[in-house]
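Heads up: the structure comes next, in structure tokens.
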Number of protein chains: 2
Amino acid sequence: MNLPPLIQTFVLHFGEMGSRWGINRTVGQIYALLFLSSEPLNAEDIVERLGVSRSNVSMGLKELQSWNLVRLQHMPGDRRDYFSTPDDIWQIVRTLVEERKKREIDPTLTLLREVLMQEPASTEERHAQARMREMHDLFELLTDWYADMQRLETVRLVQLLKLGTKVQKILDIKDRVFLTSGSKNRRSSGKDK
Amino acid sequence: MNLPPLIQTFVLHFGEMGSRWGINRTVGQIYALLFLSSEPLNAEDIVERLGVSRSNVSMGLKELQSWNLVRLQHMPGDRRDYFSTPDDIWQIVRTLVEERKKREIDPTLTLLREVLMQEPASTEERHAQARMREMHDLFELLTDWYADMQRLETVRLVQLLKLGTKVQKILDIKDRVFLTSGSKNRRSSGKDK
DNA sequence: CCGATATTTCAGTAAATTCTGAAACTTCAG
DNA sequence: CTGAAGTTTCAGAATTTACTGAAATATCGG
């Protein structure tokens, strides 16, 4: 591996982290390298820097493309493929979450819906179905919320995240403003440190 | 594998899903089984139902315990260990997120902070550091937000998630309410990097 | 169409992970 | 203290996943 120390540290770390996710070490390293690079890299560049085989890089890049995590581009007068990551890191997060949802959450939701349609044949199955419904409802709540968030512009999304639970206080204020006529619809006042 | 069809479908699915996360098939299956079960199971129960070796179950349970994802309990007059998952599915989510943060995000944040302390030795390293700072700031924003959410009671958390982006509208209303006197105390817009 | 360059595929191997059975250890009742 | 029941550990086997080099395929300028 042929990298400046600072970059190497990061690349190795992401290689290991990749293993914890479904992604393999090389794919993690390639992405880390592209993420840090100021200009797009071609496959041969990556081979040199990471010291892995050309075919391994080819497969890794294919995998990253299937995740929509890299941009493919060309340099004038050069027919090699050059790869880079989006400049906007939030775009990366959005894509990552979207793809994981597509591969993990959506199939699970489909399966849960199917299983919930069936008639339970025993007490045991009845209880299991109740449990699955809890999971289904939770997943649905989360994906609906996620769809909402994904729709926001980044600036607003960041605003909202920065607010954190302060949003609760604002909701209380809103309640007070709109409930001037003594409605019973009050939100209880919580303490948030 | 000796399970009612409905339960088996779910258990198999979670086994495969487990592989996509860092977790192995058996561990995924064990958890799925415990999650659906109406009463706690001992290791031998799990062996029978999943048809895997006793030692495999033992290791799987150890792994789940290290994630704080199972409750260990005892039945009167029986010295075998019985395992179950929390009744409250939100508790499971909280634990899962907490543990993943501990294993994946926190070490990465530590590494990023260390690397950001160093003096870049080249233009390439300088650019890489800038990139790492973007990532650091993003992770920090997300973990701060997460800490806030983790602090909320479940009922309130669900309220908030259900609101989704409607919260935005309320924020706008709040702005209007508080800016009647042309104050400059507006919600800050954009990144403050 | 040719040859030069670039990329992908793929079969075989290497490496890593998972799983098992046997042995070691622990706990507890008598 | 003994032995039965329960649990964990661990070395090796089985399986899965990752990686490589060589061959096949694709692309393009001339």
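By convention in this document, chain letters (A, B, ...) are assigned in the order of the sequence lines, proteins followed by strands, and residues within each chain are numbered from 1.
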Fill in: Set of residues satisfying salt bridge (charged side-chain N to carboxylate O under 4.0 Å, His left out) with respect to K162(B), sequence neighbours excluded
none
Practice prompt. Please identify each residue that fulfils side-chain hydrogen bond (donor to acceptor under 3.5 Å, both in side chains) with S84(B), with sequence neighbours left out.
Written response: Q73(B)
Discussion item. Once ring-ring contact (aromatic ring centres under 6.0 Å, His included) is applied, do any residues pair with F14(B), and if so which ones, sequence neighbours excluded?
Written reply: F10(B)
Worksheet entry | Contact interval (first through last nucleotide) of DNA chain C with protein chain B, 4.0 Å heavy-atom | dT18(C) to dC28(C)
Discussion item. What I'd like to find out is whether the side chain of R71(A) reaches to under 4.5 Å of the side chain of P40(A), using heavy atoms alone.
Written reply: no
Throw together a table of side-chain donor-acceptor distances under 3.5 angstrom for residues 110-117 of chain B, partners on residues two or more places apart or in other chains.
unit_1: T110(B); atom_1: OG1; unit_2: D106(B); atom_2: O; d: 3.0
unit_1: R113(B); atom_1: NH1; unit_2: H136(B); atom_2: NE2; d: 3.2
unit_1: R113(B); atom_1: NH1; unit_2: E140(B); atom_2: OE2; d: 2.7

Item to complete: If a protein heavy atom is under 4.0 Å from the base, mark B; if only from the sugar-phosphate, S; if neither, -; do that for nucleotides 3-9 of chain D going 5' to 3'.
Response: -BBSBBB
Practice prompt. Taking side-chain hydrogen bond (donor to acceptor under 3.5 Å, both in side chains) as the test, write out the residues that go with S53(A), two or more places apart.
Written response: S55(A)
Response to the item:
In numerical order, the residues of residues 22-34 of chain B whose heavy atoms come under 4.0 Å of DNA chain C are N24(B), R25(B), T26(B)
Discussion item. Test question: given the 4.5 Å side-chain rule for I, L, V, M, F, W and Y, name all other residues clustered with M75(A), or answer none.
Written reply: Y82(A)
Discussion item. My understanding is that only residues two or more places apart in sequence, or in another chain, count here; which of them pass ring-ring contact (aromatic ring centres under 6.0 Å, His included) with W145(B)?
Written reply: W145(A)
Practice prompt. Would you please name every residue forming a side-chain hydrogen bond (donor to acceptor under 3.5 Å, both in side chains) with Q65(A), sequence neighbours left out?
Written response: none
Worksheet entry | Test side-chain hydrogen bond (donor to acceptor under 3.5 Å, both in side chains) applied to W90(B) - qualifying residues, sequence neighbours left out | none
